[in-house]
Each structure stands twice: as structure tokens, then as C-alpha cells.
Amino acid sequence: MSNEKIPSRSENYSEWYNQVIQRAEMADYSPVRGCMVVRPYGWSLWENIQDNLNRKFKATGHVNAAFPLFIPMSFLEKEKEHVEGFSPELAVVTIGGGEKLEEPLVVRPTSETIIGYMYSKWVKSYRDLPILINQWANVVRWEMRTRMFLRTLEFYWQEGHTAHATQAEAEEETRRMLDIYAQFAIEEAAVPVIKGRKSASEKFAGAVNSYSIEAMMGDTKALQAGTSHFLGQNFAKAFNIQYLDVNNELQNCWTTSWGLSTRFIGAIIMTHGDDQGLIMPPRLAPIQVVIVPIFRNDEEKSKVMPVIDQLKTQLSDFRIKVDDRTELTPGFKYNDWEMRGVPLRLEVGPKDVEKGSVMAARRDIPGRDGKVILPQSEVTARVKELLAEIQANLLQKAIAFRDSHIFEPTDYEDLKRIVAEGWAFAWWCGDPACEAKVKEDTKATTRCIPFDQPDGHGKCVVCGRDATEKVYFSKAY
RNA sequence: CGGGGCGUGGCUCAGUCCGGCUAGAGCACUCGGUUCGGGACCGAGAGGUCGGCGGUUCAAAUCCGCCCGCCCCGACCA
């Protein structure tokens, strides 16, 4: 806790981000460079994300399991693109129990290889397919530059790994999971996202095709909020994931993988946060309603607290917190909970006791404009409505912000200007050289080739050749 | 790994150039009192081997050497 102001987003966006996380007690720096400690408030948000996704995964036939943290180095080497993509960022264990290991063990950067190995043991017949497993795990990628939640050496995520008999079925699965991510982002987190395909240079190491949901942060940079990969038969061939089909012929499986990480917490912070701090989307908020009692002496306290207790009972369906800290003034508490992003605050003081009212303050509308007086008798229904309104409003605001920062460049010079302050939606011929030139000139990369495409065709914004697809160019996290 | 910056109570920093007296401030923390509807105030208190090791000196946070760590900027990335 601190009573000092944080830097505004316009002054210094990354400093705003760092301080909000610390002040809201989402996470703290660890003694190990590049790692983070997720504090209870941050973890609670993650648990809500987990619960939500787990429900969606299970509803589509997936089951959870757990695979080992350590992977034999030789496994990584079995898929050429995969090892090339990941080897620069591997953490490798070479000593165990004081003895040098015969074969180094990689701390998993992702689990396609070890899961592929297991699938090859488990899959014999087409009757064993599909196999639809998810795991919640921590993974390690040795990054050069780290940011809380966005890029740390160790992070938490879920990784789904599926194996199918046919290409069509695997491709369908890849798209189904991307849809689930998009639905989750939009409906639960109020984070608007664009679904699309990754360019060859941006796709997962070892995938045939990668798909992502892309979100725009408050500084207009893009953030890949979730990915789903169609792996073709690449891993099936590398790990002999084979089955006998109805004709008793040996076939390679088709596999997919898909993941969403604690990075998504960064997306929530940077999509909704304002200069007062975090704003949690009600459906995922660790605390949906905070109740601040107001009294000056024991007499007032004895009148106020029974009302608070009654509210607690009325609101038991919501995630609520009564801030009964005695050493702090109400004003301090308001600011404190605003920093933490609690969507709705209820204030109950002597005047409310008299009038049978409760003061409600919406986090998404700052100051007096966001305050409404509720009759105590209607609190349950009104809180429900207000939370729904806040959820909807956050999404609308985020969509409006994003759409007002997407531009269609008329030419290459225009594109250069645009990516300094937003996303450029432009025709692209598909040549990696054009993509590389944009990156070289502007640091912006292709984010995704959206599924939603305009009709017709145009000229590549870089080279002027014919182009049949439009792509988003943007700076990214 | 290249360029730049920084290491002093929990946090932000002053002091370092030009060595010297008891190592300071603000915030946070503890206790007491007054406060409490938008970041309260007064008083008392606790808390530091000045990143580490070595050197120079009567004397080192301050000068010298080596090492360690962190942050920012570049080459890689969910």
C-alpha cells in the first residue's frame, strides 16, 4: 500500500504497468532474474481464468492430465523446426543428485515432444482416437528481456494436445479451440480479439499453421492472447504416433496443440486499466464487490455493522470483501480498491442506515458520475445488473478504442506512420521479404491474417504486387 | 553479448566530485491519542556490516582494483 500516485498511462505506459501490478499486489519480482512471484490477488484471477477455461474444455470433451517437467534433450531434437525454434531459450539440467547426467534434461518450454512420445505408446487403433488432453503447467523459456506476466523465464499456462485420425478433424479441432479462446476473451474477460492465421515467420516452431487471437493494449501495441496450432503430421512422424485404420493400414496421426498463458493477465491489465489502476472484468474479478463501512465511533459502528452483515448475506452469490480495516480512512480505501480494480464498491455509513440506502460506485466510471444510491432492499438485484453493465461497458470501450486505432494505409509511407500509433490493416502479397522489410523499417510485425477478409484483392502495401489477403501490421508485446 | 545507467533502513532517494564528527530525509512499519462520506494529524519508537572482497589512509558510503547483481536501449520471443 502506498498513498503516492502512479504515473499516468500517457506519461509512461510501461512504468504505469509495472507499478499497477506491484501496488495492486498482483505479482512481485523474484530473487531470480526474469522470474515473477504471483501473489494471491493475481493468482486468484488466474484461478478464475482456469475455472472458466476448464469448463469450456471439458464441455468439448477434453480431459486434464499432467506430464513431467523434464524432457530428454533428444526428444526436442526429433522435430527439426521445433528444436531450431526453441534451442536458444532452453534451460537444461545436466546434473542430478550430484552426478552428471548421461543425457541432459530440458526443462519443458512446451510439451509437444514428451506428450507425443506418450501418445505413440497409447495410440494403436483408430478406436483410440481422438485423444484430447489438456494440462495446466509451468514452462520455462530463457528470454533475454522480461516483463511481469508478458514475458518471464517461467510462466503458467494450459497446453492442450490432441491427436486425430484425419486432417480435417485435426484442423477442425484447431479452429474450435481458437474459437473457445476468442469466446473466453470477449465474453469473460471483455477483451476484444481478432482471430486469424499467423504468417510463416510468426508461426509456432514445428506447426503447419498457427492461429491466434490478437488484442490491442492501451498503448495500441498488439498482444497475442492465445494460440492454436495445426501440427499436421510433423510430430506424429517424429514420434511415431500411428494407428491402424479400419482397413488395417498403418497411418500417422494428425495432431494439434493450443495454449493460453498467464500473459492473458497482462492483456486484462492493459486492455481495461486506467490512470487510477486496474479494472477487473466482473466475470473474472477476484473480488467483484467490496463493501466499505463508514463510522466515526462505536455508536455509529454498532448501527452500521449489522447492515453490512445483512448485505453480506444478501450478496453471498458474489465474490465480495468487507474492508473492515480500522486503521484506514474510507477515502484511502476507495483509492486502494480502485487501484486493485474491484468493479463495484458499496459504501455504507450512518446516513445510509437512516435512509435504508447503500452508495454504489462503479469502477468503470470514475468519480461522482459512477455513483448511484441503491435501496438496501434491492441490493442483490441491482448489484447483479450493475456488474453486467460494467462487463458490457468494458467490452464496448475496448472495442471502441481498438477500432479507432486501426487504419488502412494508402501506401507504404502511410503504413510507417500508422504503426507508430495503431494497427495497420493492409494488403500483403504473402512474401516474407515484404514482412521483413516492414519489421526492419518500423519494428512492426504481421500480427495475423484475419479470417474476416474483405472481398476482392489489392496491391501489396510494401511491394505493390497483387495481393489476395489483408493482414494486420503492428508493434507487439 | 554490445552501448548507457545504478547499487545507502521495507520502498524512493540525498550524501560520493573535494575522505573526517552520531549516516540523513520522505513514505511504509510499531505504540499512544485525536480522526474517519474521496489518499487524516500529532507525539514517541523500531529499523542500515552504505552490493561483495581486497587495497590506500591516522580515518573510507566517499579514493583505487577486482568481482557480483539490477535497470534501460539493441540482436531473440507465449
Let's see if you can work this out: which of [options] has an atom nearest to the side-chain heavy atoms of [X]?
X: Met144(A); options: rA75(B), rG39(B), rG37(B); result: rA75(B)
X: Tyr334(A); options: rG39(B), rG38(B), rA78(B); result: rG38(B)
X: Phe332(A); options: rG39(B), rG38(B), rA78(B); result: rG39(B)
X: Lys371(A); options: rA78(B), rG38(B), rC36(B); result: rG38(B)
X: Asn335(A); options: rG37(B), rG39(B), rA78(B); result: rG39(B)
X: Asp352(A); options: rG37(B), rA75(B), rA78(B); result: rG37(B)
X: Ile294(A); options: rA78(B), rG39(B), rC36(B); result: rC36(B)
X: Phe155(A); options: rA78(B), rG74(B), rG37(B); result: rA78(B)
X: Glu347(A); options: rG74(B), rG37(B), rA78(B); result: rG37(B)
X: Thr152(A); options: rA78(B), rC36(B), rG39(B); result: rA78(B)

Spacing of [X] atom [atom1] relative to [N] atom [atom2], expressed in whole Å:
X: Glu25(A); N: rG10(B); atom1: CD; atom2: C1'; answer: 13 Å
X: Lys221(A); N: rA78(B); atom1: NZ; atom2: C1'; answer: 15 Å
X: Phe204(A); N: rA78(B); atom1: CZ; atom2: C1'; answer: 10 Å
X: Arg23(A); N: rG39(B); atom1: CZ; atom2: P; answer: 16 Å
X: Glu154(A); N: rA78(B); atom1: CD; atom2: C1'; answer: 14 Å
X: Gln158(A); N: rA78(B); atom1: CD; atom2: C1'; answer: 11 Å
X: Arg447(A); N: rA78(B); atom1: CZ; atom2: P; answer: 8 Å
X: Lys333(A); N: rC36(B); atom1: NZ; atom2: P; answer: 14 Å

Q. Between Gly85(A) and Gln276(A), which is nearer to the 5' end of RNA chain B once each is assigned its nearest nucleotide?
A. Gln276(A)

Q. Which comes earlier along RNA chain B counting from the 5' end, the contact point of Gly34(A) or that of Glu143(A), where each point is its nearest nucleotide?
A. Gly34(A)

Strand partner of [N], provided both Watson-Crick or wobble distances fall under 3.5 Å:
N: rA14(B); value: none
N: rG20(B); value: rC58(B)
N: rG48(B); value: none
N: rC1(B); value: rG74(B)
N: rC53(B); value: rG65(B)
N: rA40(B); value: rU34(B)

When all nucleic acid strands are considered with a 4.0 Å heavy-atom cut-off, which category describes [X]: base, sugar-phosphate, or nothing?
X: Gln224(A); result: sugar-phosphate
X: Leu150(A); result: base
X: Gly349(A); result: base
X: Lys351(A); result: base
X: Arg147(A); result: nothing

Taking the basic N atoms (NZ, or NE/NH1/NH2) and the acidic carboxylate oxygens, is any pair closer than 4.0 Å for [X] and [Y]?
X: Lys371(A); Y: Glu347(A); result: yes
X: Glu300(A); Y: Arg296(A); result: yes
X: Glu187(A); Y: Lys56(A); result: no
X: Asp179(A); Y: Lys195(A); result: yes

Please state the [atom1] separation for the pair [N] and [M] - nearest whole angstrom.
N: rU12(B); M: rA75(B); atom1: C1'; value: 33 Å
N: rU22(B); M: rC6(B); atom1: P; value: 30 Å
N: rC27(B); M: rG33(B); atom1: P; value: 22 Å
N: rC58(B); M: rG19(B); atom1: C1'; value: 12 Å
N: rG9(B); M: rC50(B); atom1: C1'; value: 10 Å
N: rU34(B); M: rU49(B); atom1: P; value: 37 Å
N: rG20(B); M: rG65(B); atom1: C1'; value: 24 Å
N: rG4(B); M: rC64(B); atom1: C1'; value: 23 Å

Q: Check whether any side-chain N or O of Tyr13(A) sits under 3.5 Å from a backbone N or O of Met270(A) as a donor-acceptor pair, and report yes or no.
A: yes

Q: Determine, using ring centers only, whether His161(A) and Tyr119(A) are less than 6.0 Å apart.
A: no

Q | Side-chain donor-acceptor pair present, Gln158(A), His62(A), cut-off under 3.5 Å | A |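 Looking only at side-chain atoms, His62(A) and Gln158(A) do not form any donor-acceptor pair under 3.5 Å.
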
**Q.** Geometric cation-pi criterion Arg108(A) and Phe67(A), 6.0 Å radius, 45° cone
**A.**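 Verdict for Phe67(A): no cation-pi partner in Arg108(A).
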
Q.
Is the positively charged end of Arg175(A) above the ring of Phe451(A), judged by distance under 6.0 angstrom from the centroid and angle within 45° of the axis?
A.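 Here Arg175(A) passes the 6.0 Å and 45° test against Phe451(A).
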
Q: Answer yes or no: does a side-chain N or O of Lys443(A) lie under 4.0 Å from OP1 or OP2 of rG74(B)?
A: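 Answer yes for this pair, as a side-chain N or O of Lys443(A) is under 4.0 Å from OP1 or OP2.
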
Q: Compare side-chain N and O positions of Thr227(A) against OP1 and OP2 of rA78(B) and report whether any pair is under 4.0 Å apart.
A: no

Q) Counting only distance, no hydrogens or angles, is the base of rG37(B) paired donor-acceptor with the side chain of Arg296(A) under 3.5 Å? A) no

Q. Between the base of rG38(B) and the side chain of Glu338(A), is there a donor-acceptor distance below 3.5 Å?
A. yes

